[in-house]
Amino acid sequence: MKTIKVWDLFVRLSHWLIVLLVLSAWLSSEFGDAEFKWHSWNGYALFILVFSRLIWGFVGSTTALYRSFIKAPWDALSYLRDLLTGKTTPKEAHYIGHNPAGGWMALMLWLVLITQAVTGMFASDDVIFDGPFSFYISSKMVNNITSIHHALFNLLILLVILHVLAVLYHQIIKKEKLIQAMLTGKKTLSHAIAEPKLIFRPFYLALIIVASIGATFWFILKHYG
Ligand code: HEM
Ligand code: HEM
């Protein structure tokens, strides 16, 4: 057995911040202020964070890169089939980063989150709050987009439930310590797995990405929102 670092700080920090912000998005829509201030700023923060993680998929550390975890859809399906029929041995079941199905789930979660945030910016509650860019489109469009904003949240919850169930399955049944890995960044691998060559990018690079996207978004919001 050997313990190696697999997740960089930005992957871990962005994951747990996204979890908190999704919870806070729901809380703020249910119990927030009438002007939607908390809900809007929460949504902008989610947008900036998820956007930054999407960029990190091109320039970040090895395990954060799309090319290391986005496999052909049929590979993801056969991975799931082998897992469910018990065909996968524990050795094969252990991945350094995301497994083929987990990679697609991550991508879907990010895309739904980004779309949720963008639709929110065009949505309206028809009483007090209008999304900052809703003035650019017709009121019929605003109504449709607001309906999408509502419906998409249900899809997000469904995906999150599936995601957490999958993580718990690996954690409890397969005895892979995925949750600890998302917290500490480290995984213990059996010697049967070849030592991977992983490159880690510095955290400040991620901070530069977050700051650049944040500043650009702020500029657009201030001048065009
Ligand atoms: C709002 C709720 C959640 C969302 C939107 C979410 C989203 C995600 C995303 C997008 C990833 C990929 C991370 C990356 O590559 O940067 C991920 C991975 C992960 N999440 Fe979550 N997550 C949520 C809740 C949770 C919870 C409650 C747990 C703990 C039970 C959890 C445990 C994990 C673990 C262990 C991984 C790594 C999986 C692997 O090794 O492939 N997540 N999550
Ligand atoms: C990913 C980020 C976001 C999430 C997860 C989210 C989630 C939600 C949820 C759960 C609701 C309540 C839906 C219902 O009652 O069925 C809601 C409503 C709403 N959200 Fe968001 N939201 C996000 C971002 C935003 C942003 C950035 C804005 C605007 C700046 C926004 C504007 C609104 C408005 C105006 C409503 C009320 C619509 C109505 O009353 O019909 N949201 N959002």
Side-chain angles (χ1 to χ4, degrees), residues 6-8 10-30 32 34-50 52-54 56-57 60-61 63-66 68-70 94-134 142-143 145-157 159-172 176-183 185 187 206 217 221 225:
V6 294
W7 301 119
D8 64 32
F10 182 60
V11 165
R12 288 177 281 144
L13 203 59
S14 60
H15 176 264
W16 297 113
L17 278 176
I18 287 172
V19 175
L20 289 180
L21 286 170
V22 168
L23 187 68
S24 166
W26 171 72
L27 286 174
S28 58
S29 74
E30 293 285 322
E35 287 94 37
F36 274 76
K37 274 212 169 73
W38 170 14
H39 188 73
S40 312
W41 283 101
N42 190 90
Y44 302 152
L46 251 171
F47 176 78
I48 293 164
L49 199 58
V50 176
S52 305
R53 176 60 186 89
L54 286 173
W56 200 239
S61 313
T63 51
L65 301 174
Y66 304 118
S68 72
F69 66 80
I70 298 293
H94 282 67
Y95 279 80
I96 310 294
H98 297 308
N99 65 51
W104 281 101
M105 176 56 100
L107 198 62
M108 280 196 288
L109 283 162
W110 290 320
L111 293 182
V112 169
L113 281 170
I114 282 279
T115 316
Q116 182 74 12
V118 173
T119 51
M121 294 176 210
F122 290 90
S124 161
D125 71 346
D126 276 341
V127 193
I128 298 176
F129 179 79
D130 294 305
F133 305 116
S134 59
V142 170
N143 283 341
I145 290 183
T146 308
S147 309
I148 296 177
H149 193 69
H150 284 223
L152 214 56
F153 191 69
N154 297 327
L155 176 65
L156 177 66
I157 296 304
L159 290 178
V160 167
I161 291 173
L162 280 175
H163 165 61
V164 173
L165 284 178
V167 167
L168 291 179
Y169 172 78
H170 282 271
Q171 187 83 21
I172 297 165
E176 293 177 67
K177 298 198 168 91
L178 297 191
I179 301 178
Q180 287 87 331
M182 249 307 143
L183 288 164
K187 266 187 190 175
F217 180 72
L221 191 66

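Basis for what follows: all heavy atoms, side chains included, without hydrogens, waters or symmetry-related copies. No experiment lies behind these values; they were computed from the predicted model shown. Indexing begins at 1, ligand by ligand and atom by atom, following the structure's order. Residue numbers start at 1 and run along the sequence shown.
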Ser134 side chain to Val142 backbone, donor-acceptor under 3.5 Å = no

Subset of ligand 1 atoms that lie under 4.0 Å from at least one heavy atom of Leu178 | 35 (C), 40 (O)

Where do Trp16 and Met182 come nearest, in terms of heavy atoms and distance?
-> NE1-O, 3.2 Å

Contact between Pro132 and ligand 2, counting heavy atoms under 4.0 Å?
-> yes

Consider ligand 2: state whether an atom of it lies below 4.0 angstrom from any non-hydrogen atom of Val22.
-> no

min-distance protein heavy atom vs atom 30 (C) of ligand 1 -> Ile179 CD1, 3.7 Å

Please report which non-hydrogen protein atom sits nearest to atom 41 (O) of ligand 1, along with the residue it belongs to and the distance in Å to one decimal place.
-> His98 ND1, 2.7 Å

Which heavy-atom pair separates Phe36 from Ser40 by the least distance, and what is that distance?
-> O-OG, 2.5 Å

Apex atom 21 (Fe) of ligand 1; atoms His15 NE2 and His163 NE2; angle rounded to 10 degrees = 170°

Atom 21 (Fe) of ligand 2 is nearest to which N, O or S atom of His39?
-> NE2

For Leu46, atoms of ligand 2 separated by under 4.0 Å from a heavy atom = 1 (C), 2 (C)

Are any of the N or O atoms of Ser29 closer than 3.5 Å to those of ligand 2?
-> no

So the atoms of ligand 1 within less than 4.0 Å of a heavy atom of Trp7 turn out to be 40 (O)

Do me a favour and list the nearest non-hydrogen protein atom to atom 27 (C) of ligand 2 with residue, atom name and distance?
-> Ala117 O, 3.6 Å

Rounded to the nearest 0.5 Å, what's the gap from CG on Leu159 to CG on Leu109? Could you check?
-> 5.5 Å

Val11 heavy atoms within 4.0 Å reach ligand 1 at atoms 14 (C), 16 (O)

Run the side-chain contact (heavy atoms from CB on, under 4.5 Å) check on Gln116 and His149 step by step: do they pass?
-> CA-CA 6 Å; Gln116 182 74 12; His149 193 69; 3.4 Å; yes

Heavy-atom contacts under 4.0 Å between Thr146 and ligand 2: side chain, backbone, both, or neither?
-> side chain

Side chain, backbone, both or neither: which part of Arg53 comes within less than 4.0 Å of ligand 1 when only heavy atoms are counted?
-> side chain

Given Phe153, Phe129, Phe47, which one has a non-hydrogen atom that is nearest to atom 35 (C) of ligand 2?
-> Phe129

Nearest non-hydrogen protein atom, atom 4 (C) of ligand 2 | Gln116 CG, 3.3 Å

Identify the closest protein heavy atom to atom 39 (C) of ligand 2: which residue and atom is it, and at what distance?
-> His150 NE2, 3.5 Å

Which protein heavy atom lies closest to atom 26 (C) of ligand 1, and at what distance to 0.1 Å?
-> Val164 CG2, 3.8 Å

Atom 36 (C) of ligand 2 has as its nearest protein heavy atom Phe36 CE2, 3.3 Å

For Ala25, the ligand 2 atoms whose distance to one of its heavy atoms is below 4.0 Å = 4 (C), 5 (C)

Report the nearest protein non-hydrogen atom to atom 24 (C) of ligand 1: residue, atom name, distance rounded to 0.1 Å.
-> Val19 CG2, 3.6 Å

How are the rings of Phe47 and Phe217 set relative to one another: parallel (under 30°), tilted (30 to 60°) or perpendicular (over 60°)?
-> tilted

Measure the distance from atom 28 (C) of ligand 1 to every protein heavy atom, then report the residue, atom name and distance (to 0.1 Å) of the closest one.
-> Trp16 CH2, 3.8 Å

Nitrogen or oxygen atoms of Ser14 and ligand 1 under 3.5 Å apart | no

Which residue holds the protein heavy atom closest to atom 2 (C) of ligand 1, what is that atom called, and what is the gap in Å?
-> Val160 CG1, 3.5 Å

Closest approach of any protein heavy atom to atom 40 (O) of ligand 2, naming residue and atom | Asp125 CB, 3.3 Å

State if Ala106 counts as touching ligand 1 under the rule of any non-hydrogen atom under 4.0 Å.
-> yes

Separation between CD (Glu176) and NZ (Lys187), nearest 0.5 Å, reads 6.5 Å

Looking only at distances, please establish whether an N/O atom of ligand 1 is found under 3.5 Å from an N/O atom of Trp110.
-> no

Donor-acceptor contact present, side-chain Ser124 to main-chain Asp126, <3.5 Å | yes

Nearest atoms (heavy-atom pairs only) where Trp38 meets Ser24 = NE1-OG, 3.0 Å

Quick note on ligand 1: atoms under 4.0 Å from a heavy atom of Leu109 include exactly 7 (C), 8 (C)

Spell out, as yes or no, whether a donor-acceptor pair under 3.5 Å connects the side chain of His39 to the backbone of Ala25.
-> yes

Taking the six-membered ring for Trp, are His98 and Trp7 parallel (under 30°), tilted (30 to 60°) or perpendicular (over 60°)?
-> tilted

Nearest to atom 21 (Fe) of ligand 2, which N, O or S atom of His149 do we find?
-> NE2

